[in-house]
2 protein chains.
Amino acid sequence: MDALSPSLSQEVNQLHADICSALADPTRILLLYTLSEGPRTVNELTVEFGAPQPTISRHLKTLRERGLVIATRKGQMVEYSLADKRLIQALDLLRAVLRDGVLRRAIVVQEVD
Amino acid sequence: MDALSPSLSQEVNQLHADICSALADPTRILLLYTLSEGPRTVNELTVEFGAPQPTISRHLKTLRERGLVIATRKGQMVEYSLADKRLIQALDLLRAVLRDGVLRRAIVVQEVD
DNA sequence: TCATAATATGCGCTTATCCGAATAAGTTTA
DNA sequence: TAAACTTATTCGGATAAGCGCATATTATGA
């Protein structure tokens with residue numbers, strides 16, 4: 001247990017980073033925000049995003065593998081839902097950080113009267 | 001402005017994802033947690049992490065470019081500090097999500113009385 | 001200015017990620 | 001079982017991220 005502690009926390013840190021890398025894509029962020037409004041089937045998401053179905057499925061797989069979304073079979077379709085509402089809280093915090101700091105430097109904001 | 005709106009929000013989403021991808025590395029997560037305790041010079045971080053100095057510098061650059069940390073020259077050294085405490089709140093939320101959901105599936109937890 | 005200390009960057013390499021296109025796999029109804 | 005529908009996976013090529021190593025930059029002090 002003495003020897004396990006460091007490698008365990010290393011492993012936890014890696015999993016922590018893995019969650020972040022699941023968030024590191026604009027489409028996946030939008031998927032999470034969409035699912036925060038309620039469960040959706042793959043087809044509904046495909047239509048809503050106007051993206052190829054394999055693309056949506058692959059993004060959902062990334063999120064599912066890391067436990068951020070939950071897949072439930074409903075007949076021949078699969079319904080996806082958000083695994084934890086705190087994901088949205090975290091994303092909102094990061095967006096606030098963006099607004100208050102990074103945004104100003106990255107985009108030329110045109111001040112209108 | 002009608003035509004700019006979608007591309008602007010796309011750009012914001014990309015920046016949002018960029019912040020997340022800055023978090024998508026165990027070393028950078030530890031750097032942020034360390035800086036949340038107070039500012040550190042590159043050398044202090046290098047010693048504390050036991051990692052090569054160029055590695056630390058490159059990670060800090062990644063964080064700095066995205067506005068997550070702030071660099072201040074102090075004589076011949078550069079002091080880094082956390083740009084926004086909400087980053088830690090967000091990381092803590094994600095770690096809580098990890099604890100409550102993913103961890104159980106990823107690591108064999110040995111239940112000891 | 002020269003030497004030294006602290007930090008940053010460039011280069012070559014390996015590894016990971018993303019996308020499109022095609023295809024496979026599971027489910028329902030006939 | 002066959003056909004239709006929904007979802008998942010695989011492959012190949014392009015792009016980006018990571019690391020170790022060497023070196024460049026900036027600042028201090030003699």
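Convention: sequence-line order gives letters A, B, ...; per-chain numbering from 1.
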Inset, instruction - Could you state the atom-to-atom distance from CG of B:N43 to C1' of D:dA27 in whole Å? - result: 15 Å
Legend entry - Proximity to the side chain of B:P52 - top-ranked nucleotide from D:dT9, D:dG20, D:dT28: D:dG20
Legend entry - Rounded distance [0.5 Å steps], CG in B:L30 versus CG in A:N13: 4.5 Å
Inset, instruction - Can you tell me the distance, in whole Å, between the CD atom of B:Q76 and the C1' atom of D:dT25? - result: 13 Å
Legend entry - Protein-nucleotide distance (A:R73, atom CZ; D:dT6, atom C1'), rounded to Å: 8 Å
Legend entry - Closest to side chain of A:K61, choosing from D:dT6, D:dA27, D:dT9: D:dT9
Inset, instruction - Measure from NZ on A:K74 to P on D:dC5 and round the result to the nearest Å. - result: 23 Å
Legend entry - Rounded distance in Å - CD (B:E65) to P (D:dG18): 11 Å
Legend entry - Earlier contact from the 5' end, DNA chain C, for A:G75 and A:D25: A:D25
Inset, instruction - Calculate the interatomic distance between A:Q53 atom CD and D:dT10 atom C1'; express it in whole Å. - result: 13 Å
Inset, instruction - Give B:R58 one of three labels, base, sugar-phosphate or nothing, depending on what nucleic acid heavy atoms sit under 4.0 Å from its own. - result: base
Legend entry - First encountered from the 5' end of DNA chain D, between A:L60 and B:S21: A:L60
Legend entry - Separation of atom CG in A:L45 from atom P in D:dA8, rounded to whole Å: 11 Å
Inset, instruction - Can you measure from CZ (A:R99) to CG (A:D92) and round to the nearest 0.5 angstrom? - result: 9.0 Å
Inset, instruction - For B:R40 and B:E48, run salt bridge (Lys or Arg N to Asp or Glu O under 4.0 Å): C-alpha distance rounded to whole Å, both residues' side-chain angles, the deciding distance at 0.1 Å, then the answer. - result: CA-CA 10 Å; B:R40 304 285 154 97; B:E48 195 163 340; 3.1 Å; yes
Legend entry - A:L23 side chain reached by A:L68 side chain, heavy atoms, under 4.5 Å: yes
Legend entry - Along DNA chain C, first and last positions that approach a heavy atom of chain A under 4.0 Å: C:dC18 to C:dT28
Legend entry - Spacing between A:D18 atom CG and D:dA17 atom C1', to the nearest angstrom: 15 Å
Inset, instruction - Quick one: label B:T62 by what it contacts on the DNA or RNA (base, sugar-phosphate, nothing), any heavy atom closer than 4.0 Å. - result: nothing
Legend entry - Contact under 4.0 Å: B:H59 side-chain N or O vs D:dA17 OP1/OP2: no
Inset, instruction - Take B:L87 and A:L94 through the side chain to side chain contact (heavy atoms under 4.5 Å, CB included) test and state the conclusion after the steps. - result: CA-CA 7 Å; B:L87 290 169; A:L94 294 177; 3.8 Å; yes
Legend entry - Contact under 4.0 Å: B:T55 side-chain N or O vs D:dG20 OP1/OP2: yes
Inset, instruction - Evaluate the side-chain proximity of A:T72 to A:V78: yes if any heavy-atom separation is below 4.5 Å, no if none is. - result: no
Inset, instruction - Considering non-hydrogen atoms only, spot the tightest contact between B:T27 and B:H59 and give its length. - result: CG2-CD2, 3.7 Å
